[in-house]
There are 2 protein chains.
Amino acid sequence: MDQGPSSGDELLRVLTALASPHRLRIIAALVEGRAYVSQLARRLRMNRPLLYMHLQRLEAAGLVVGTLETAQDGSSVKYFEVVPFALGLTPEVIRTAAQTLAWDGSGPDGSGKD
Amino acid sequence: MDQGPSSGDELLRVLTALASPHRLRIIAALVEGRAYVSQLARRLRMNRPLLYMHLQRLEAAGLVVGTLETAQDGSSVKYFEVVPFALGLTPEVIRTAAQTLAWDGSGPDGSGKD
DNA sequence: GAGGGATGTCAGTCTCATCTGACAGGGGGT
DNA sequence: ACCCCCTGTCAGATGAGACTGACATCCCTC
């Protein structure tokens with residue numbers, strides 16, 4: 001349970017991952033307990049490939065983890081659960097993180113008075 | 001300085017407002033001190049109408065405030081500054097917020113075993 | 001073998017946020 | 001009058017993400 005992402009890019013990844021009503025609902029559902037994809041798709045009434053994509057996005061941000069388990073009957077089931085996180089978000093945190101943001105700005109800069 | 005948004009919709013608004021590299025850089029720049037639109041556009045090397053849109057988005061989320069001031073020479077200048085905020089983000093917070101999320105789900109539901 | 005349930009992936013469509021250039025004002029200084 | 005700097009808003013092009021249906025694959029049960 002880390003207090004915050006290291007680089008600005010990672011913070012951005014977490015924020016974009018959370019900035020979606022679907023993904024918020026997914027996390028909320030997973031807090032109640034772990035579930036596998038098809039099960040969760042039925043529970044949340046959403047398309048399975050769509051849910052799959054959202055889960056991948058959340059996992060890429062490190063907010064959830066999925067483990068492919070082989071049940072006793074041999075069938076493969078992928079369980080997802082929430083990774084406990086605590087993100088403190090303040091202007092100062094953002095200011096610090098913004099210094100390590102991938103920036104597509106063209107030329108090297110530093111001049112210009114304003 | 002409230003600890004968190006009241007409704008899930010407001011949390012979503014804040015998250016979508018922050019989920020943008022440009023807007024993160026804008027906040028980071030405003031933490032250093034207040035600035036007006038054109039000035040900030042030059043400083044961040046971005047299109048002024050574009051910056052204007054981002055600022056509106058941030059203001060709608062309550063993260064920055066803009067005050068249209070009339071300088072001594074009579075010219076109108078709109079200064080923006082950061083609203084101090086402290087957003088604590090945990091799975092539990094999301095779970096609570098998700099209960100008050102605008103939901104476009106069609107029919108009234110509650111049945112279905114899984 | 002037929003059927004059901006699960007994962008993983010794909011091409012294609014579509015909506016929406018982003019981004020740009022340009023315009024219409026307002027005000028001040030030379 | 002002209003030029004400069006500011007705000008506010010617009011239509012249109014662009015692009016990324018969201019979303020869907022369908023397919024291949026595996027395993028188990030009947």
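We use all heavy atoms of the structure for the numbers below, so side chains are in, but hydrogens, waters and symmetry mates are not. Below, chain A is the first sequence line, B the second, and so on; all start at residue 1.
The phosphate of dC19(D) (OP1 or OP2) has a side-chain N or O of His22(A) nearer than 4.0 angstrom. OP1 or OP2 of dA6(C) lies within a sub-4.0 Å distance of a side-chain N or O belonging to Tyr36(A). Between His54(B) and the phosphate of dA17(C), there is no side-chain N or O to OP1/OP2 separation shorter than 4.0 Å. At the phosphate of dG8(C), OP1 or OP2 sits under 4.0 Å from a side-chain N or O atom of Lys78(A). The side chain of Asn47(A) contributes an N or O atom lying less than 4.0 Å from OP1 or OP2 of dT20(D). For Tyr52(B) and dT9(D), the shortest distance from a side-chain N or O to OP1 or OP2 is below 4.0 Å. Between Ser38(A) and dT7(C), a side-chain N or O to OP1/OP2 separation shorter than 4.0 Å is present. Distances shorter than 4.0 Å separate none of the side-chain N or O atoms of Arg57(B) from OP1 or OP2 on dC16(C). Here Arg23(A) reaches the OP1 or OP2 of dA18(D): one of its side-chain N or O atoms lies under 4.0 Å away.
For a distance-only test at 3.5 Å, the side chain of Arg48(A) qualifies as a donor-acceptor partner of the base of dG8(C).
When rounded to the nearest whole Å, the span between CG of Leu51(B) and P of dT20(C) equals 11 Å. As rounded to whole Å, 12 Å separates atom P of dG27(C) from atom CG of Leu68(B). In this structure, Tyr79(A) places its OH atom 14 Å from P of dG8(C), rounding to the nearest Å. Between the P atom of dT7(D) and the CG atom of Leu55(B) lies a distance of 10 Å, rounded to the nearest Å. Gln56(B) places its CD atom 10 Å from the P atom of dC10(D), with the value rounded to the nearest Å. Taking atom CE of Met46(B) as the reference point, atom C1' of dG21(C) lies 17 Å away to the nearest angstrom. If you measure from atom CG of Asp73(A) to atom C1' of dC30(D), you get 15 Å, rounded to the nearest angstrom. Whole-Å rounding puts the Leu15(A) CG to dG17(D) P distance at 15 Å.
Here Leu55(B) contributes atom CG and Phe80(B) contributes atom CZ; the two are 4.5 Å apart, rounded to the nearest 0.5 Å. Expressed to the nearest 0.5 Å, how far CG of Leu30(A) lies from CZ of Arg34(A) amounts to 10.5 Å. In this structure, Leu51(A) CG and Arg25(A) CZ are separated by 10.0 Å, a value rounded to the nearest 0.5 Å.
Each of Met53(B) and Pro49(B) has a nearest nucleotide on DNA chain C; the 5'-most of these lies closest to Met53(B). Checking Val37(B) against Leu50(A), the closest nucleotide of DNA chain D that is more toward the 5' end is the one next to Val37(B).
Side-chain proximity of Val77(A) to the nucleotides dG8(D), dT7(C), dG28(C) is greatest for dT7(C).
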